[in-house]
Protein chains: 2
Amino acid sequence: MASIKEVAEVAGVSTATVSRVLSNGQHVRPEVRQRVMEAVEKLGYRPNLVARSLRSQQSNTIGLIVSDIRNPFFTSISRAVEDIAYAQGLTVLLCNTDEDVNKEAIYLQLMRDTNVAGIIFSPTRQTAASLSQQRFDFPIVMVDRTAPDFAADAVLLDNVEAAYRLTTHLLNNGFGRIGAIFGETSLTGLERRQGYEQALRQHNLPVVPEYIRHTQPRVESGKAAATALLRLPQPPDALLTSNSLTLEGALQAIRESNLSMPADIALAGFDETSWTVLVQPPITIISQPTYEIGKTAAELLIQRIIDPSRSSRQVMLRGQLHVRGSSTPSVIKEEVS
Amino acid sequence: MASIKEVAEVAGVSTATVSRVLSNGQHVRPEVRQRVMEAVEKLGYRPNLVARSLRSQQSNTIGLIVSDIRNPFFTSISRAVEDIAYAQGLTVLLCNTDEDVNKEAIYLQLMRDTNVAGIIFSPTRQTAASLSQQRFDFPIVMVDRTAPDFAADAVLLDNVEAAYRLTTHLLNNGFGRIGAIFGETSLTGLERRQGYEQALRQHNLPVVPEYIRHTQPRVESGKAAATALLRLPQPPDALLTSNSLTLEGALQAIRESNLSMPADIALAGFDETSWTVLVQPPITIISQPTYEIGKTAAELLIQRIIDPSRSSRQVMLRGQLHVRGSSTPSVIKEEVS
DNA sequence: TTGTAGGCGTTATCAT
DNA sequence: ATGATAACGCCTACAA
């Protein structure tokens, strides 16, 4: 790779002049500029971004740290983040943490070491709690999950409200014994549980500990938890899950138990996926605008990179309830989306 | 961020000594090493990877360039790549090209500019063809798609064979008018079409141009193509698609046409997804070991980074046919997976 | 308008 | 065993 030095040599000027031509371009005689451009062309010169980054102490890379890119929620977010980044000439470093505090720490460290421009992060509760004690020389935008006393930009769903609404929907449709599966490492899981419990209490129904499970956001975990719930002496008449992976597992469990939906068991969950409307009956869910979330997060990050001093803002989004067959007894169709 | 200089100062040694302690660690008195480590500890020193990269002319970043991370095929691959990279202390730059030659060129250029250690790439046919005329200072591993006269490592499916097998399966089950939807920008699409046509010819059936569509790998494109096929004066009695996104679109089209599967129309496609077995009837597909593909690609890349001179190798994998209800008349159940 | 020179943080070479 | 120094490629005061 040709360096700026070689270009200077070929053009018969100093490296400073070449640099000037290539950056702002002020104070250069047209004729000299011409010569430089020809040399650049001839050598196929391209500025070395590593050198530039070292010199400028800046970077055009942003980090995206999520638990698992295979979770459709994060897949979509990642795509949005990359789109925005691309439009800004930024590049995206993808990191999967598997809800593992250790991996989170390692990746955060790596972000420091590589001097990224900023990161978009979806941390476990544990890491989130420790964030305020750490120092970062780059901005952090949280997605899906917050850190309590850490003043960072964030894009979040109103989880309590959403879970409350979803649970209430089930209750209103005559399902009184709702088994629920929440994430065990994320704040999100806790918040959704809160909304779930709120709805129960408001209907003067007991919160049955046995009906509440916390698992990893994985299909098998969801399936295992759902299976356990269905095998209870007095099994639930509805299942509610906190993300699309556990929802998928729950559906598998229901299928294998040969129960019919929603007669034997209702099902409802979080996050829209390709299959919720393809299966029979279609599944009731609260959808999040995932692409918008990623886009917003990336935009917040870029704004903050430009202006580190601006006050932090939390963007709180509202989930959208899609009532479908999995939770509506066939006689009472209230609304279908 | 503390630099090596400050560490040297605090430890009362030269930067060279600090560097020695931190790297190989030969030829340093234990006592001095001790002092250095203490200073490192005290200052929370971390080597600046950008500087290291500039100096060493190496990088611990690899690029992953795919058409769209939201294609489950690439989602899974990306996860595998990241896992292997992580294990090796490498980091992954994610790039979506949308089958856009221009974006591909921009990202390839970016990979040069940032001096990556290597890339894993799934190019369009057009870019693939031009690859051999370009020079790269880093190794390239191809996934899913090859470049004809470009001697790179590659991990591929035997597409012709797989499509042949899938088509033959349909033919053997009494479906003689097979509408097919292939990718329009990838070599993969062409290869699968080849296998499809081979199977038809072997059964002495005509290749009907009207029955063959080439589209982008997107749900809507698949749906549009499928809808068009279903509206033909003499519509096909089976649909075959080349990837999971167009498969999803095709299924939507079938549903909206109120046709029953497989009585009115059979359906079969490529790539396993969460929903193929959740829908009714379950969908016949050829599955690819996506995680394995990504893992293998990453391993090939790392091997080549270590030894750039080794001869290039193509790993060719065989797809696995999963025969399901969408392509088997209910009376004849040959085998179900 | 253009060139000289220093430094971003490392590491490797060469003295000592 | 340790230190001084140069160089990776770039940018930017500052000087001319």
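Only heavy atoms go into these numbers, but all of them, side chains included; no hydrogens, no water, no symmetry mates. Each chain gets a letter, A, B and so on, in the order the sequences are listed, and its residues count up from 1.
The shortest distance between the side-chain N/O atoms of B:S19 and the OP1/OP2 oxygens of C:dT10 is not below 4.0 Å.
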Sub-3.5 Å pairs of nitrogen or oxygen atoms, protein against nucleotides 4-8 of chain D:
unit_1	atom_1	unit_2	atom_2	d
D:dA7	N3	B:R55	NH1	3.4
D:dC8	O3'	B:Q57	NE2	3.2
D:dC8	O2	B:R55	N	3.3

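The CD-C1' distance, from A:Q58 to C:dG9, rounds to 16 Å in whole Å. Distance, B:Q26 CD to D:dA1 P: 9 Å, rounded to whole Å. In this structure, the CD atom of A:E9 is 13 Å from the P atom of C:dG3, given to the nearest Å. Residue B:E31 contributes atom CD, which lies 13 Å from atom P of D:dA1 at whole-angstrom precision. Rounded to an integer number of Å, the gap from NE2 of A:H27 to P of D:dA15 is 17 Å. Here D:dC10 presents its P atom at 9 Å from CG of A:L22, a figure rounded to the nearest Å.
The aromatic rings of B:Y86 and A:Y107 lie tilted to each other, with the angle between the two planes from 30° to 60°.
For A:E41, the salt bridge (charged side-chain N to carboxylate O under 4.0 Å, His left out) test picks out no residue, with sequence neighbours left out. Not counting sequence neighbours, the partners of A:E38 by the side-chain hydrogen bond (donor to acceptor under 3.5 Å, both in side chains) test are A:Q34.
For A:R29, the listed nucleotide lying nearest its side chain is C:dT1; candidates were C:dT10, C:dT1, D:dG3.
Each of A:R145, A:K103, A:E104 was compared with A:T127 under the side-chain hydrogen bond (donor to acceptor under 3.5 Å, both in side chains) criterion, and only A:E104 meets it.
Electrostatic pairing of B:E299 and B:K295 counts as a salt bridge here, judged by a charged N lying under 4.0 Å from a carboxylate O.
Contact check for B:I4 versus B:Y45: side-chain heavy atoms found under the 4.5 Å cut-off.
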